[in-house]
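Notes follow once the structure below has been shown.
Proteins get letters first, then strands, A, B, ... in listed order; numbering begins at 1 in each.
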Amino acid sequence: MRLPFQLILRVFHRSLLGCASLLLSKKPREEWCREWQGELWQACIARTPMEGFSWSGEREVVEFCLGAFPDALCLRSQETQTRALFSSRIPQMGPNRRRSQCYKGDAQHLDKFKRMVKLCVRFAVHCAFSRVRRLRLVFPANAVIRLACGVHGGSNPLV
Amino acid sequence: MASEVKLSHTAAIILQALDAGFVYGFSIMEMTGLPSGTVYPAMRRLEREELIRSRWEKQSIADAEQRPARKYYNLTAAGKTTLEASRRRYPLLERLIPSDTQEAKSL
C-alpha cells in the first residue's frame with residue numbers, strides 16, 4: 001500500500017515532466033510526454049521499493065525527472081534549427097535551397113549589420129560632439145564669471 | 001555519408017547498448033550508467049542523424065503487462081556502419097557492453 005507522501009511524490013514527478021513539456025511546442029509535446037511517462041513508470045518500478053519508503057530511491061527518480069529538462073531543450077533546439085533551415089526569412093543551405101539563395105540571405109544580414117554599425121558610429125560621434133559643444137558653451141561663461149568675481153584656482157570669490 | 005559521422009564516446013556507448021539489445025531509454029540508462037539528461041538528448045540527436053529510428057510498442061502488449069507503452073529504438077543501416085567505425089575508434093566499447101547480453105534478452 002502506498003503512503004500519501006509517496007502519492008504526493010508521484011504527483012511531483014508528473015509535475016516536473018509537465019513543466020519540462022512546456023518547453024516544447026504543442027506538436028511534439030504529446031508524444032514526448034507519453035514517452036517520458038512510460039519511462040518514469042519504469043524508473044519508479046526499478047528505483048523505489050514496493051513496500052516502505054526509500055529516500056535514495058525517490059531522489060533517484062527525481063533526478064531522472066530532472067533529465068527531462070535537457071531533453072526538452074534539445075528537442076526544442078532541434079525544432080528551432082529545422083524551422084530556421086526551411087524558413088524563407090533566414091535562407092541557409094538545405095536540401096531545397098540553392099547556393100544563390102544562401103548568398104542572398106547572407107548579403108541581407110551583412111547589409112543589416114552595416115546599417116547597425118553606421119547607426120552606432122553616428123550615435124557615438126553625436127554624443128562626443130554634443131559634449132564638446134556643451135563644454136565650449138559652458139567654459140567661456142564660467143571663465144567670464146570667474147574673471148568678474150576674481151576667482152583664482154578654485155578659491156571662494158572675493159566679493 | 002553516415003560513415004563519416006564521428007560520434008562522441010557517449011553516443012557510441014548508446015549505439016553499442018542498442019546493438020546489444022537494450023532498446024528503450026531507461027534500459028540504456030541502466031546499462032550504461034549515464035543520467036537521463038544525457039541519454040535522451042543523445043538519442044534525439046542520433047535519431048536526427050538517422051543512425052537510430054524509433055517505434056511505439058503495441059498498446060496491446062503494454063496492456064497485457066499492465067504498464068505504459070514504451071518507445072523502442074533500433075539501429076538503422078547507417079547506424080550499424082557508424083557503430084563499426086566507432087568500435088575501431090573506441091576499442092573498449094565491445095568489452096564494456098558485449099553484444100547480445102543475457103541481461104538484454106531478459107528485458
Before giving the answer on side-chain hydrogen bond (donor to acceptor under 3.5 Å, both in side chains), spell out for Glu35(A) and Trp56(B) the whole-Å C-alpha distance, their side-chain angles and the decisive distance to 0.1 Å.
CA-CA 9 Å; Glu35(A) 183 184 3; Trp56(B) 278 100; over 6 Å; no
What do the steps show when you test Arg70(B) against Gln42(A) for side-chain hydrogen bond (donor to acceptor under 3.5 Å, both in side chains), and what is the final call?
CA-CA 9 Å; Arg70(B) 289 171 185 157; Gln42(A) 204 71 39; 3.2 Å; yes
Output, in order, the C-alpha distance, side-chain angles, deciding distance and verdict of side chain to side chain contact (heavy atoms under 4.5 Å, CB included) for Gln81(A) and Arg48(B).
CA-CA 11 Å; Gln81(A) 278 169 16; Arg48(B) 192 184 160 91; 3.5 Å; yes
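You'll find the side chain of Lys71(B) stays beyond 4.5 Å of the side chain of Arg34(A), heavy atoms only. Within the 4.5 Å cutoff, side-chain heavy atoms of Arg45(B) are placed close to those of Gln78(A).
A distance of 9.5 Å separates CZ of Phe26(B) from CG of Leu40(A), quoted to the nearest 0.5 Å.
The local environment of CZ in Arg89(B) is crowded, with over 12 non-hydrogen atoms from other residues, nucleotides or ligands closer than 6.0 Å. The local environment of CD in Glu30(A) is sparse, with at most 12 non-hydrogen atoms from other residues, nucleotides or ligands closer than 6.0 Å.
Interface with chain B: from residues 54-66 of chain A, residues Glu63(A), Phe64(A) qualify, criterion being any non-hydrogen pair under 4.5 Å.
Annotation: maximal heavy-atom pairing with chain A below 4.5 Å, among Ser36(B), Ala42(B), Gly37(B), occurs at Ser36(B).
In the hydrophobic clustering of this structure, Leu96(B) groups with Tyr90(B); members are Ile, Leu, Val, Met, Phe, Trp, Tyr whose side-chain heavy atoms approach within less than 4.5 Å, directly or through other members.
Looking at Arg44(B), both its backbone and its side chain come within 4.5 Å of chain A, counting heavy atoms on both sides.
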